[in-house]
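Keep in mind that what you see is a predicted model, and the values were worked out from it rather than measured. Convention: sequence-line order gives letters A, B, ...; per-chain numbering from 1.
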Amino acid sequence: MLVLARKRDQSIMIGDEVEVVIVDIHGDQVKLGINAPRHIAVHRREVYEEVQKENIMAAKIKTKEVSKLDLLLKNKLSKEK
Amino acid sequence: MKLKSKPFGEIEIENPVIIEIKEGIIGFEAKKKYVLLDSKEESVFKWLQSTDDPDLAFIVISPEVFHYNYKPEISEKDLNSIGIENLKEAICLAIVVVPEDPSRMSANLQAPIIINPKNLLAKQVISTNPQYMVRHYILDEMQDSIFRQEKVANRNKENIS
């Protein structure tokens, strides 16, 4: 792995399209600014793990009747009125 | 086509519309083919049932049902991967988690499933907007959504008068 030392407001380039700027450094937290073209998706690494966890929970669904869920929605709506 | 489904057991589908999620749903990458099943009664929920695995099904909901003005930002690469240029061309669905207490059911607005209705290709994508999370509580947000819709409606009324 390439390791680079950078100061605030300095940046690195990844290829000729992606720029990562060190926006701020505060204790153990670093704020990064990322300039990338629209076709490149930028996400925190944890996001994939969060989505995966949520999908696994969703697949554990035991309910076979969604009518119960619809009823909850309807009740909520009628309470609002 | 005969299909074994998780919610309804074995069912007969006349003209199955098979959706292909080439990369699979995150965490279930091996399963690529799904059908959307309606419940017997009218419902805002649908089932996304794997045709490869009878035990794999998700409850999905259209985000507009409970979340006002849902506009996820999706990368061009993701849009192009299912053959579209603009998100408006796609059907957007959020996966629902129903916990022990169903009133705490939530939907994942950060990673919707987008479907191109023309070629039936789909992908679970991750939006880059910070306001969309993996867990939005449907009942809580529906309340807020209705409130905001009414506010807009009232404002429009005032503008007219």
Side-chain angles (χ1 to χ4, degrees), chain A residues 11-26 28-81, chain B residues 5-9 25-29 38-48 50 53 55-61 65-66 73-80 95-100 102-103 105-108 110-111 124-128 133-135 138-140 142-143 146-147 150:
Chain A
S11 66
I12 61 161
M13 292 295 300
I14 301 172
D16 51 11
E17 287 189 312
V18 181
E19 183 188 21
V20 181
V21 190
I22 312 303
V23 176
D24 202 4
I25 306 163
H26 212 88
D28 63 353
Q29 204 183 39
V30 181
K31 260 194 195 145
L32 302 175
I34 292 145
N35 288 314
R38 268 199 60 132
H39 65 267
I40 294 176
V42 179
H43 303 293
R44 288 178 296 123
R45 191 203 168 104
E46 308 90 273
V47 169
Y48 280 93
E49 284 156 23
E50 280 170 27
V51 170
Q52 187 174 9
K53 235 166 74 188
E54 215 57 23
N55 286 345
I56 289 169
M57 273 196 349
K60 281 192 186 141
I61 176 84
K62 289 201 184 75
T63 323
K64 298 199 167 159
E65 290 293 327
V66 289
S67 54
K68 282 181 211 154
L69 306 181
D70 281 293
L71 199 65
L72 283 169
L73 259 81
K74 262 181 216 146
N75 288 345
K76 188 91 186 180
L77 283 174
S78 57
K79 256 186 229 161
E80 295 307 310
K81 278 173 190 167
Chain B
S5 73
K6 185 172 176 177
F8 313 121
I25 287 174
I26 299 168
F28 301 89
E29 285 79 2
D38 280 307
S39 311
K40 284 163 213 145
E41 295 104 34
E42 199 183 311
S43 172
V44 296
F45 302 95
K46 282 181 193 293
W47 290 92
L48 188 64
S50 161
D53 180 355
D55 288 327
L56 183 61
F58 299 90
I59 292 178
V60 291
I61 190 171
V65 172
F66 69 96
E73 270 171 35
I74 309 297
S75 78
E76 239 165 60
K77 192 181 159 201
D78 283 342
L79 296 177
N80 295 346
I95 296 180
V96 176
V97 171
V98 184
E100 292 268 307
S103 71
M105 62 182 152
S106 64
N108 184 343
Q110 190 170 17
Q124 186 173 29
V125 293
I126 297 180
S127 77
T128 49
M133 315 286 172
V134 295
R135 202 172 288 174
I138 294 175
L139 292 180
D140 295 351
M142 199 174 58
Q143 202 170 341
I146 291 161
F147 174 70
E150 278 173 1

Exercise for the section: Can you tell which part of A:K68 gets under 4.5 Å to a heavy atom of chain B, answering side chain, backbone, both or neither? Expected result: neither
Practice task
Tell me, for B:K6 versus chain A, whether the close heavy atoms (under 4.5 Å) come from the side chain, the backbone, both or neither.
Solution key: both
Exercise for the section: Residue by residue, scan residues 49-58 of chain A and write down, ordered by number, those that have a heavy-atom distance under 4.5 Å to chain B; if none do, write 'none'. Expected result: A:E50, A:V51, A:Q52, A:E54, A:N55, A:I56, A:M57, A:A58
Fill in the blank from the handout: Turns out that what part of B:L48 lies under 4.5 Å from chain A's heavy atoms comes down to neither
Fill in the blank from the handout: side-chain hydrogen bond (donor to acceptor under 3.5 Å, both in side chains) filter on B:D53, not counting sequence neighbours, yields B:K31
Completion exercise
Counting heavy-atom pairs under 4.5 angstrom with chain A, the leader among B:G27, B:A111, B:S43 is B:S43
Exercise for the section: Side chain from CB out, backbone as N, CA, C, O: work out which of these in B:S50 comes under 4.5 Å of a heavy atom of chain A, or both, or neither. Expected result: neither
Completion exercise
One should read off an interatomic distance between B:I59 CD1 and A:L69 CG, to the nearest 0.5 angstrom, of 5.5 Å
Completion exercise
By side chain to side chain contact (heavy atoms under 4.5 Å, CB included), A:K31 pairs with (sequence neighbours left out) A:V23, A:D24
Handout entry: Region of B:Q124 in contact with chain A, defined by heavy-atom distances below 4.5 Å
Key = side chain
Problem - chain A interface, residue from B:M133, B:M105, B:Q110, B:E41 that has the most non-hydrogen pairs under 4.5 Å - result: B:M105
Practice task
Take B:F58 and A:I61, measure what side chain to side chain contact (heavy atoms under 4.5 Å, CB included) needs, and give me the verdict at the end.
Solution key: CA-CA 7 Å; B:F58 299 90; A:I61 176 84; over 6 Å; no
Exercise for the section: Can you tell which part of B:V96 gets under 4.5 Å to a heavy atom of chain A, answering side chain, backbone, both or neither? Expected result: backbone
Problem - Interchain contact, B:V125 with chain A, by part (heavy-atom threshold 4.5 Å) - result: neither
Problem - B:I126 portion near chain A, given a 4.5 angstrom heavy-atom threshold - result: both
Problem - A:I25: partners by side chain to side chain contact (heavy atoms under 4.5 Å, CB included), with sequence neighbours left out - result: A:R8, A:I22
Exercise for the section: With a 4.5 angstrom heavy-atom cut-off, could you sort out which part of B:F28 is near chain A: side chain, backbone, both or neither? Expected result: side chain
Practice task
Pick one of side chain, backbone, both or neither for B:L56, based on which atoms fall under 4.5 Å of a heavy atom in chain A.
Solution key: side chain
Handout entry: Residue selection (most heavy-atom pairs with chain B, distance under 4.5 Å) from A:L72, A:D70, A:L73
Key = A:D70
Practice task
Drop me the distance from B:T128's OG1 to A:I34's CD1, to the nearest 0.5 angstrom.
Solution key: 11.5 Å
Problem - Considering all heavy atoms, the nearest A:K76-B:L139 contact - result: CE-O, 3.6 Å
Handout entry: A:Q29 atom CD, over 12 foreign heavy atoms within 6.0 Å
Key = no
